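Before any comments, here is the structure.
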Amino acid sequence: MQSKAKQVVILGTGGTIAGTAAQAADTVGYRAAQLGIASLVEAIPGLLACPLETEQVAQVDSKDMGFSVWQALARRIAHHLAREEVAGIVVTHGTDTLEETGYLLQRLLAPAKPVVLTAAMRPASALQADGPQNLLDAVLVAREPGARGVLALLAGAVHSAAEVRKSHTYRLDAFCSGDAGPLAYVEAGQLRRLRDWPQGEALGLQAVAADVADWPWVEIVSSHSGADGRAVRALTRIGVQGLVVTATGNGTVHEDLEAALLEAQAAGVRVWRSTRCAEGRVLPRPDDMLPAAQAGTPYKARVELLLQLLSARGA
Ligand code: SIN
């Protein structure tokens, strides 16, 4: 039976979509996270007729995203998803760490309704701001019957939040899903779907119930020419609990760095290998001494390791 739910809840967290510059032509020297979510929505005539409500969960430049905003956001989304009249949720976010928040939310909630993250590359004050169209399209996806999972809507493309990554510093079309490609496109107010909506098992909110001050410490280190083990040994000495190494190619690590990572692993630090390649994943080999991360980027792998360490505490 098709759901009759129509309401969309728009949760604001800040970002360039809520940013302003002193000059309309300035698309670089602006301040993110200046305008409230209600005023962003009011500025879009196409949304006037939609049954929607807004809530300001945070107001941050997403480079400063932190565990307490993640925890609050996950809780508010779960609260609204449980309301029968709610068809879907839109979250406005900064582009810079949207891929981390999206990954976290999908793993925690794996929702049966759509949760659509959207953002903008230009501030709201720009001559041709991209935020209003993105927000309008995101609401369309949030109301799409049968849509599900945590999604990202940017520049007319709908991505799985678990796969999406920011791939350009400045262009409006700044996101991609690597070799998986987008799930759908929004074209002139119509959704054209290419792949199935994301499925998955939810870890549940209890995975992130701990006081954020007690969340595990997981860092990212990288393998490169001339790499050595000093940073890893220092991190291990001062209590890091997880390390993701941004490895070369199919997960190879400089031998001097690898020696330190193996010492860290022997000392009880969880160590995963991810890759600095823009596409593909690390394919495991039988002789691997450090496990390959399954999540697509080092940043997503770090979130996954964080969640696994948190879940292990509750086990
Ligand atoms: C941010 O990530 O909050 C600032 C940059 C952006 O949204 O494009």
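Quick caveat, the model's predicted, so the values are computed rather than measured. Each ligand, and each atom within it, is numbered from 1 in the order the structure gives.
- Taking Ile, Leu, Val, Met, Phe, Trp and Tyr as hydrophobic and joining them when side-chain heavy atoms fall under 4.5 Å apart, one finds Tyr185 in a cluster with Leu194.
- Grouped by direct or indirect side-chain proximity (heavy atoms under 4.5 Å, Ile/Leu/Val/Met/Phe/Trp/Tyr only), Val282 sits alone.
- A salt bridge does not link Lys166 to Glu99: none of the charged side-chain nitrogens sits closer than 4.0 Å to a carboxylate oxygen.
- Counting side-chain heavy-atom gaps under 4.5 Å among Ile, Leu, Val, Met, Phe, Trp and Tyr, the cluster of Tyr170 also holds Val28.
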Pairs under 3.5 Å, nitrogen or oxygen of ligand 1 with protein nitrogen or oxygen:
from: ligand 1; atom 1: 2 (O); to: Ser62; atom 2: OG; distance (Å): 2.6
from: ligand 1; atom 1: 2 (O); to: Thr95; atom 2: N; distance (Å): 3.2
from: ligand 1; atom 1: 2 (O); to: Asp96; atom 2: N; distance (Å): 3.0
from: ligand 1; atom 1: 3 (O); to: Asp61; atom 2: OD1; distance (Å): 3.3
from: ligand 1; atom 1: 3 (O); to: Ser62; atom 2: N; distance (Å): 2.6
from: ligand 1; atom 1: 7 (O); to: Thr16; atom 2: N; distance (Å): 3.0
from: ligand 1; atom 1: 7 (O); to: Thr16; atom 2: OG1; distance (Å): 3.0
from: ligand 1; atom 1: 7 (O); to: Thr95; atom 2: N; distance (Å): 2.8
from: ligand 1; atom 1: 8 (O); to: Thr16; atom 2: OG1; distance (Å): 3.1
from: ligand 1; atom 1: 8 (O); to: Thr95; atom 2: OG1; distance (Å): 2.5
from: ligand 1; atom 1: 8 (O); to: Ala120; atom 2: O; distance (Å): 3.3

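- With no hydrogens or angles considered, no side-chain donor-acceptor pair links His254 and Ser223 at under 3.5 Å.
- Side-chain polar atoms of Gln7 and Glu53 form a donor-acceptor pair below 3.5 angstrom.
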